[in-house]
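Below: one structure, written as structure tokens.
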Amino acid sequence: MTNRIFASLEEAKEFLYSKFGKDESFDVCIKEVHVKNLPVLCAYISGLVDGATLTVQLTPLYFDCDEKQGNPVKEDDTYFDNIFNFYGKSEPKDRDEFLLGILSGQVGFVTRQGYAYLTELRNYPGRQPEEPDNEKVIRGSRDGFAENIMFNTALIRRRIRSPELRFELYKITSDGKTDVAIAYIKNIVNDHHLKWVKQRLEEIKHDGLTMADKSLEEWLFKQRFHPVPFVRYSERPDIVAAHLLEGHIAIIVDTSPSVILLPITIFHLMQHAEEYRQSPLVGSTVRLLRYSAILLSLTLMPIWYLLATHEEYLPDALQFIGAREKSNIPLLFQVFIADLGLEYLRIAAIHTPTPLSTAMGLVAGVIIGQIAIDVGLFTPEVVLYSAVVAIFTFAIPTFELSVSIKYFRFIVLVLTALFGPSGFFIGFFIIFSYFCALRPMQIPYLWPLVPFFPKAFLRVFIRFPMADDALRPYIVGAKRRKRA
């Protein structure tokens, strides 16, 4: 029996008017229609529903009103069920669920006796799936996640056709009521990790997730001022599907084209789909080049500054290192100004319209850089090494990790300037100790380096053939480690 959540159709109308206001929002549609010979109240948000499908459903019913021919109007709730036999129909338990359904894009119906129904006619505005800009591959699929949670779940389901694949839906925050889906494979996922994620979602007490997945990450891990990311973001369905098959958990937030993957280590942030689109030898080479780029982006500038300011450590073969031209600005400040200029250039590129971004880059990189050298503001070596370090930073596949590397490089550079060679090694010891101490979700952030797992560490650096009998990563705690 359907829940009767209103005393009458008029009471339902007054309830909706009290929530939405009468004629205060142009996109809120509250109108009386007929389903055969039964008058009903129809309510929906015009921008969130499929108007064409709604019209198709109501048109054959609206003009067949038997009441005008003298036939009695049926009063029982089963009449609406029988006449409006739509597959996407549900019955809300109370008024709050009915109101939330309308706000979520469903169409609400209330009969004359106060029985309420919700019909699934959602059609969220948004773009179609397309290849993400920051995770491009030479060969591979060109689809990517969009801002529609239904699209995103379908893209994953298309790649994993298993009945064990689960999408659990949650509504987070008091006012935003954001749809958040937890994706996992039931017979693989670690139950402890899954319970941890669900518990953290239930603990969120806030009015809204304005920044979608990024806000959710901070709530899940209580990240505070840690510079490193504790999750991996991906806009590629194939990457998410591969992680789910390994035993990871994916979190999909409505309105966000990025999917959160957890638990992860720092080595997950260093990998890219292109490595698996090439042969194992090529993929391994690309991976090693990328790892070396990450290391050089952190160490190159501090090492150059150390050798440039302490020439006694320079071997004869490296006598070309160092500033050959003098400047009125100390070398350390030149490095800081160059780094700061590159950061301003990145910020400006974000806010610059695409047709002007190329011209802006030429002006900043060529004209300003060359004039700064000519007037003696910079030595040429500072500009050179700053540009090389920037290239290495761009080679990092995860944007969040590349930003955090900049902060660590700054720490090492300052300690090197203050204490010389001792400061250089002290800085690296501090950073290494910090990484060793991180344990998001009780997972060592540097696994399999710390603690050391030789076989897993070898697979981190070498892209083995797919046909090799590899186990699922130890840290995910999968129920079935053997992948077969």
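- Heavy atoms only, all atoms of each residue included: S215 and T210 are closest at OG-N, 4.2 Å.
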Check: residues 396-404 side-chain donor-acceptor pairs under 3.5 Å, at least two apart:
| unit_1 | atom_1 | unit_2 | atom_2 | d |
| --- | --- | --- | --- | --- |
| T398 | OG1 | L269 | O | 2.6 |
| S402 | OG | F399 | O | 2.6 |
| S404 | OG | L401 | O | 2.7 |

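- Distance alone, capped at 3.5 Å, is enough to place a donor-acceptor pair between the S46 side chain and the D27 backbone.
- With a 6.0 Å radius and a threshold of 12 heavy atoms from other residues, nucleotides or ligands, M150 has its CE atom at or below the threshold.
- Residue V389 comes nearest to S297 through the heavy atom pair CG1-O, 3.8 Å, listed as atom of the first residue, atom of the second, then distance.
- Looking at heavy atoms from C-beta onward, R483 lies in side-chain contact with E246 at the 4.5 angstrom threshold.
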Kindly indicate, with the supporting measurements, whether the criterion salt bridge (Lys or Arg N to Asp or Glu O under 4.0 Å) is fulfilled by R122 and D50. CA-CA 6 Å; R122 278 182 272 207; D50 187 348; over 6 Å; no
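- Enclosure of atom CD1 in I138 is not indicated, since only 12 or fewer non-hydrogen atoms of other residues, nucleotides or ligands lie within 6.0 angstrom.
- With hydrogens and angles ignored, the 3.5 Å screen pairs a side-chain donor or acceptor of K479 with a backbone N or O of K186.
- Atom CZ of F429 is separated from atom SG of C436 by 9.0 Å, given to the nearest 0.5 angstrom.
- Contact between G247 and V476 at its shortest, heavy atoms only, is O-CB, 4.1 Å.
- Closest approach of F267 to L446, counting heavy atoms only: CE1-O, 3.5 Å.
- T255 places none of its side-chain heavy atoms less than 4.5 Å from the side chain of L209.
- Residue D238 forms a salt bridge (charged side-chain N to carboxylate O under 4.0 Å, His left out) with just one option from R277, R139, R158, R142, and that option is R277.
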Apply side-chain contact (heavy atoms from CB on, under 4.5 Å) to residues L201 and L216 and explain how you reach the verdict. CA-CA 9 Å; L201 289 178; L216 184 60; 3.7 Å; yes
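- More than 12 heavy-atom neighbours from other residues, nucleotides or ligands sit within 6.0 angstrom of CZ on F464.
- Considering only heavy atoms from C-beta on, F432 comes within 4.5 Å of V450 through its side chain.
- In this structure, OH in Y305 is found 14.5 Å from CD in E381, a value given to the nearest 0.5 Å.
- Looking at S292, its side chain does come within 3.5 Å of a backbone N or O of L289 through a donor-acceptor pair.
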Steps toward side-chain contact (heavy atoms from CB on, under 4.5 Å) verdict (I411, Y407): CA-CA 6 Å; I411 293 173; Y407 287 93; 5.6 Å; no
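- The shortest heavy-atom contact between P421 and H310 is CD-NE2, 4.4 Å.
- The local environment of NZ in K222 is crowded, with over 12 non-hydrogen atoms from other residues, nucleotides or ligands closer than 6.0 Å.
- Smallest separation of non-hydrogen atoms from E235 and P132: OE1-CB, 3.4 Å.
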Determine, stepwise, if the pair L244 / R159 fulfils side-chain contact (heavy atoms from CB on, under 4.5 Å). CA-CA 11 Å; L244 289 174; R159 287 166 169 81; over 6 Å; no
Output, in order, the C-alpha distance, side-chain angles, deciding distance and verdict of ring pair (Phe, Tyr, Trp, His ring centres under 6.0 Å) for F457 and F461. CA-CA 7 Å; F457 188 71; F461 275 86; 4.8 Å; yes
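- No donor-acceptor pair under 3.5 Å is formed between the side chain of R236 and the backbone N or O of K136.
- Taking the six-membered ring where tryptophan is involved, the planes of F408 and Y434 are tilted, since the angle between them lies from 30° to 60°.
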The test is salt bridge (Lys or Arg N to Asp or Glu O under 4.0 Å); show your working for E275 and R287 and say whether it passes. CA-CA 7 Å; E275 300 163 7; R287 180 178 293 182; 2.8 Å; yes
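- Around CZ of F452, the count of heavy atoms belonging to other residues, nucleotides or ligands within 6.0 Å exceeds 12.
- In this structure the side chain of P451 reaches within 4.5 angstrom of the side chain of P444, judged on heavy atoms.
- The aromatic ring centres of F428 and F424 sit less than 6.0 Å apart.
- At distances below 3.5 Å, not a single donor-acceptor pair connects side-chain atoms of T416 with backbone N or O atoms of G420.
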Go through R166 and V189 one step at a time and tell me if the side-chain contact (heavy atoms from CB on, under 4.5 Å) criterion holds. CA-CA 10 Å; R166 300 288 190 267; V189 72; over 6 Å; no
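- Within the 4.5 Å cutoff, the side chain of R409 has no heavy atoms near those of the L300 side chain.
- Contacts classified as ring pair (Phe, Tyr, Trp, His ring centres under 6.0 Å) and involving residues 204-225 (residues at least two apart or in different chains) are given here: W196-F221, H206-W219, F221-F230.
- Pairs passing the ring pair (Phe, Tyr, Trp, His ring centres under 6.0 Å) check and including a residue from residues 242-265, sequence neighbours excluded, read H243-H248, H243-H268, H248-H268.
- Residues I185 and L165 meet the side-chain proximity criterion, which asks for heavy atoms closer than 4.5 Å.
- For the pair T265 and F435, the minimum side-chain heavy-atom distance is 4.5 Å or more.
- Rounded to the nearest 0.5 angstrom, I462 CD1 and L281 CG are separated by 10.0 Å.
- No more than 12 heavy atoms of other residues, nucleotides or ligands lie within 6.0 Å of NZ in K455, so this atom counts as exposed by the packing criterion.
- A 4.5 Å side-chain heavy-atom check between E274 and E135 finds every atom pair outside the cut-off.
- Of the inter-residue distances, the one linking I405 atom CD1 with F392 atom CZ reads 13.5 Å to the nearest 0.5 angstrom.
- Expressed to the nearest 0.5 Å, how far CG of N190 lies from CZ of R472 amounts to 12.5 Å.
- Residue V180 is tested with I252, I251, D213, I149 for a side chain to side chain contact (heavy atoms under 4.5 Å, CB included); the sole match is I251.
- Once rounded to the nearest 0.5 Å, the distance linking OG1 of T379 with CG of L331 reads 6.0 Å.
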